[in-house]
Amino acid sequence: MPPEEGPRDFIRDIIDEDNRTGRFNGRVHTRFPPEPNGYLHIGHAKSICLNFGIAADYKGLCNLRFDDTNPAKEEQEYIDSIIEDVRWLGFDWKDRLFYGSDYFQQMYDWAVQLIGAGKAYVDDQTADEISNSRGTLTLPGKESPWRERSVEENLRLFEEMRDGRYENGTKVLRARIDMAHPNMNMRDPVMYRILKLPHPHAGDRWCIYPMYDWAHGLEDSIEGITHSICTLEFEDHRPLYDWFLDELGVYHPQQIEFARLNLTYTPMSKRVFREMVENGTVSGWDDPRLPTISGMRRRGYSPAGIRLFARRIGVAKVNSTVDLDFLEHCIREDLNRTSPRFMGVLRPLRVVIENHPEGKVEEMEVAVNPEDPSAGSRKVHFTNELLIEQEDFMESPPRDFFRLAPGREVRLRGAYLVTCREAVKRDGRVVELRCTLDPATRGGNVPDGRKVKSTLHWVSAAHAVGAEIRLYENLFTVEDPMGQAGREYTEFINPGSLEVLTDCKVEPALRALGPLDRFQFERLGYFCVDPDTTAERLVLNRTARLKDAWARKRDKGQGAPQASYARLGKEDRRSSERGTGRSSSP
RNA sequence: AGCCCCGUGGUGUAAUGGCUAGCAUAAGGGACUCUGGAUCCCUAGGCACCAGUUCGACUCUGGUCGGGGCUACCA
């Protein structure tokens, strides 16, 4: 990993101070500790980049550790996907892939130690009784009738719990702290529950499992973590994190909390993703509309773009919401400098070049990436029958429309300047353009220096290959679908979040690309090859549109101030309203 | 109501008692361009409020107002 230096933040300040005082002897050791109960998303990516990024900045280490203490929710499938996703993001934990469940024996021994010190006890109350006796935010809780059991009895009972002598829910081990504590987390929290369930990593060795609060600090301690970075909702848990470590007298990392990522138009919850996957709103955890890592990968987002985003948003303790546009901006920034260019036509319009002999094929040399001369050039075939974008032609254009119109001259990218002589119509619809080219402008160069207002992308009808192209829009119609008072997020699902175009025509060179390969269709946006692609069918995903000043100007003129080119798909909608024919099947 | 955390342009962030409050993005304008892309330039826009400490406060203290979190045998 390159250093990728970012702005300062309060966490690095804390680390600097610790280094200055020698608190951890100059060590910096973080960890990313997901629970394998779902797929990772952009919010996790922020945490991953933070933890691995800090380790890199300070020449320290960062572990990947599964916080797998609840076999009722965890699965191997998730373990596998998390490993794949973190690696894809570009991070390397070397030989430090750990599982909290590998420490269960040590945790058990420590629990015994706490019981021995009179700091933990076995409680026979039911879950309801425990909950009801916890008190409220303002009222103290009531002590359990089992709170004063002898150390010997607690030891025996705990051992019997471990040995499977009791059924689920009949007993728990609790820390003996203070049922009147103003911090609810300190009111004798549960440390172990009985769960007669096999564990995806530990197998069937255990039937009691530790709770998060008990386990997490111990995992950090065992691994020698210096700075245990987590999200804000664990702030109230820190006193407990500290209490366990102090009572045990073991190595004590510093927990630091930061604000989790919120994105406009984007729920960030495994629960919501799961529901959308299960009820078919999206096709799976890797649906390109989802902000899961796997979804973004399939959408065509690049690891470097995501890392750039994570670095730029910074980290703080204020709850905040980042504009989804900013994520797209960062993705575009990376894709712009790395993507090879191709031409492809989403909604084809036939163009016949009248003064170019039928059957004559010219090979044009076009740059692969104007941003990167070292990428070289490619060849595209030019013939007398071409395909251009329907929306690049208007029969009676407004003054600020720069593209093709009857009598207008434009450049065909890398080919010739052409002039539209006639628009052939059928049933009132423009179905073909008759154009002539200026032979002096071969390659797109203009020897006499005359200016044309625009350059269009095109493909040779005879050479182009068909493709299915999937266009994505925001999954939701409002910035905060979860925060709409009294209404369900399901009411705000965007029915137009996916549009499938099946009659697209693209450069044949795209055939050579493999699954997930990213590229730019000039003037259209960034795309990638969907894994659904087969030998017969090329399937492409639109990752993001290019910025489109014309679409913005046009939409503004039509009095649609909120219509962002990036959001509402005005462009697509309008072209179908115009009746130029939408070659899509919904 | 008790405990904890947090308030800097529209949005995301920087400043560590001392230059004109910086950067990014979004917005408006312009230049340039074989992508109406990219790039470059310009403009507008902010320290929640009130006291106090200090030569000097975004920064320290107190209060007010506002926002968030916490009552799982989840993490």
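Naming: A, B, ... by sequence-line order, numbering from 1 per chain.
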Checklist entry - Pick one: which of A:Glu391, A:Gln390, A:Lys505 meets side chain to side chain contact (heavy atoms under 4.5 Å, CB included) with A:Arg347? => result A:Gln390
Item to check | Euclidean distance for C1', B:G52 against B:A57 (whole angstrom) | outcome: 11 Å
Next on the checklist: Taking B:C50 as the reference, what is the distance to B:G7 when you measure between their C1' atoms (whole Å, please)?
Outcome noted: 15 Å
Checklist outcome for this item: By side chain to side chain donor-acceptor pair (under 3.5 Å), A:Glu223 pairs with (sequence neighbours left out) A:Asn63, A:Arg65, A:Tyr103
Checklist entry - A:Arg134: what forms a side chain to side chain donor-acceptor pair (under 3.5 Å) with it, not counting sequence neighbours? => result none
Checklist outcome for this item: Tightest non-hydrogen contact, residues A:Phe393 and A:Ala405, listed as CE1-CA, 3.7 Å
Base, sugar-phosphate, or nothing: which does [X] touch, judged by heavy atoms less than 4.0 Å apart?
X        : value
A:Pro34  : nothing
A:Gly525 : nothing
A:Phe402 : base

Checklist entry - Any chance the rings of A:Phe158 and A:Tyr192 have centres within less than 6.0 Å? => result yes
Next on the checklist: Centroid separation under 6.0 Å, is that true for the rings of A:Tyr78 and A:Tyr39?
Outcome noted: yes
Item to check | Nucleotide nearest A:Glu35 (side chain, heavy atoms from C-beta), chosen from B:U25, B:A75, B:G36 | outcome: B:A75
Next on the checklist: Which nucleotide wins on minimum distance to the side chain of A:Arg193, given the candidates B:G7, B:G36, B:A75?
Outcome noted: B:A75
Checklist entry - Who are the salt bridge (Lys or Arg N to Asp or Glu O under 4.0 Å) partners of A:Glu233, not counting sequence neighbours? => result A:Arg260
Checklist entry - Looking at B:U35, does its base get a donor-acceptor pair with the side chain of A:Arg341 below 3.5 Å? => result yes
Item to check | Distance-only donor-acceptor test, A:Glu371 side-chain atoms vs B:U39 base atoms, 3.5 Å | outcome: no
Checklist entry - What pattern of brackets, bars and dots sums up RNA chain B from 5' to 3', given Watson-Crick or G-U wobble pairs under 3.5 Å, [ ] for crossing pairs and | for another strand? => result .((((((..((((....[...)))).(((((.......)))))....(((((..]....))))))))))).....
Checklist entry - Can you check side chain to side chain contact (heavy atoms under 4.5 Å, CB included) on A:Lys171 and A:Trp146, steps first, answer last? => result CA-CA 11 Å; A:Lys171 282 181 167 49; A:Trp146 310 102; over 6 Å; no
Item to check | Protein proximity profile, nucleotides 66-71 of chain B - base contact B, sugar-phosphate-only contact S, no contact -, cut-off 4.0 Å on heavy atoms | outcome: --SBBB
Next on the checklist: Restricting to side-chain contact (heavy atoms from CB on, under 4.5 Å), what partner residues turn up for A:Ala259, sequence neighbours left out?
Outcome noted: A:Leu232, A:Asn319
